[in-house]
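The structure under discussion appears below in the form of structure tokens.
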Amino acid sequence: KNEVEQSPQNLTAQEGEFITINCSYSVGISALHWLQQHPGGGIVSLFMLSSGKKKHGRLIATINIQEKHSSLHITASHPRDSAVYICAVNTFNTDKLIFGTGTRLQVFP
Amino acid sequence: EPEVTQTPSHQVTQMGQEVILRCVPISNHLYFYWYRQILGQKVEFLVSFYNNEISEKSEIFDDQFSVERPDGSNFTLKIRSTKLEDSAMYFCASSGERDSPLHFGNGTRLTVT
């Protein structure tokens with residue numbers, strides 16, 4: 001069983017829709033990351049959080065440590081948001097990130 | 001905004017050859033990482049590097065692999081005697097502190113034929 005699970009695996013939306021991507025993990029973590037991988041392959045860090053909620057522009061990330069669950073929300077989605085969104089976690093006393101398999105989002109005009 | 005740069009963007013090599021993947025991390029960062037992503041699979045941790053030595057490595061990072069920071073700016077991943085299954089996208093990343101967000105390079109796509 002994967003230590004980090006994401007859902008859905010694939011997501012299509014119409015421009016303007018509200019998007020939610022979910023991440024559940026089974027290990028104790030010190031932090032959780034949301035990353036965006038562009039079609040060309042490059043990875044950009046969106047959020048790093050260990051509690052509560054963070055907002056950046058149209059993106060919102062939340063985490064519930066007790067439930068071992070995080071969500072990434074995109075408000076007023078746009079075709080340029082089309083990418084793979086990846087959840088990854090830091091466990092305690094380790095440098096490595098453990099990655100989820102990603103959620104492929106396509107937003108159509 | 002400073003960024004992590006990786007070269008080359010695409011490397012094709014024959015099985016059994018040695019390759020060196022190069023990375024220039026953000027200049028004031030202290031923690032350096034290599035990750036890889038086999039096509040269609042999730043990203044996997046290879047190695048972390050701090051204070052001029054490996055701080056952690058995964059099971060994947062066996063004797064075939066080595067890392068070096070030869071001159072205070074470059075951070076290299078050497079793969080000796082490449083195998084077909086080494087074909088993947090290799091990402092370099094750096095961070096200023098251990099518990100701060102990672103900055104990734106755009107990756108080097110390695111194709112072993």
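Just so it is clear: chains get the letters A, B, ... in the order the sequence lines come, proteins before strands, and each one is counted from 1.
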Within a reach of under 6.0 Å around [atom1] of [X], are more than 12 heavy atoms found that belong to other residues, nucleotides or ligands?
{"X": "E3(B)", "atom1": "CD", "answer": "no"}
{"X": "N93(A)", "atom1": "CG", "answer": "no"}
{"X": "H56(A)", "atom1": "NE2", "answer": "no"}
{"X": "E85(B)", "atom1": "CD", "answer": "yes"}
{"X": "D63(B)", "atom1": "CG", "answer": "no"}
{"X": "R69(B)", "atom1": "CZ", "answer": "yes"}
{"X": "L84(B)", "atom1": "CG", "answer": "yes"}

Practice task
Decide yes or no on side-chain contact (heavy atoms from CB on, under 4.5 Å) for L97(A) and Y33(B), but give the supporting numbers first.
Solution key: CA-CA 10 Å; L97(A) 285 180; Y33(B) 308 85; over 6 Å; no
Exercise for the section: For the pair Y31(B) (side chain) and D95(A) (backbone), establish whether a donor and an acceptor sit closer than 3.5 Å, ignoring hydrogens and angles. Expected result: no
Handout entry: Which atoms of Q41(B) approach chain A - backbone, side chain, both or neither, heavy atom under 4.5 Å
Key = neither
Problem - Residue part contacting chain A, namely of S9(B), when any heavy atom lies under 4.5 Å - result: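 No part of it gets close to chain A.
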Practice task
Side chain from CB out, backbone as N, CA, C, O: work out which of these in T94(A) comes under 4.5 Å of a heavy atom of chain B, or both, or neither.
Solution key: both
Practice task
Identify which part of I98(A) has an atom lying under 4.5 Å from any heavy atom of chain B, answering side chain, backbone, both or neither.
Solution key: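 Contact with chain B involves no heavy atom of I98(A) at all.
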Completion exercise
Between N2(A) and K42(B) the two heavy atoms that sit nearest each other are OD1-NZ, 3.5 Å
Practice task
Of all the heavy-atom pairs spanning K96(A) and E56(B), show the shortest one and how long it is.
Solution key: N-OE1, 3.8 Å
Exercise for the section: Quick one: pull up OH in Y35(B) and CD1 in I43(A) and give me the separation to the nearest 0.5 Å. Expected result: 9.5 Å
Fill in the blank from the handout: Greatest number of non-hydrogen atom pairs under 4.5 angstrom with chain A, of A93(B), G105(B), S48(B), falls to S48(B)
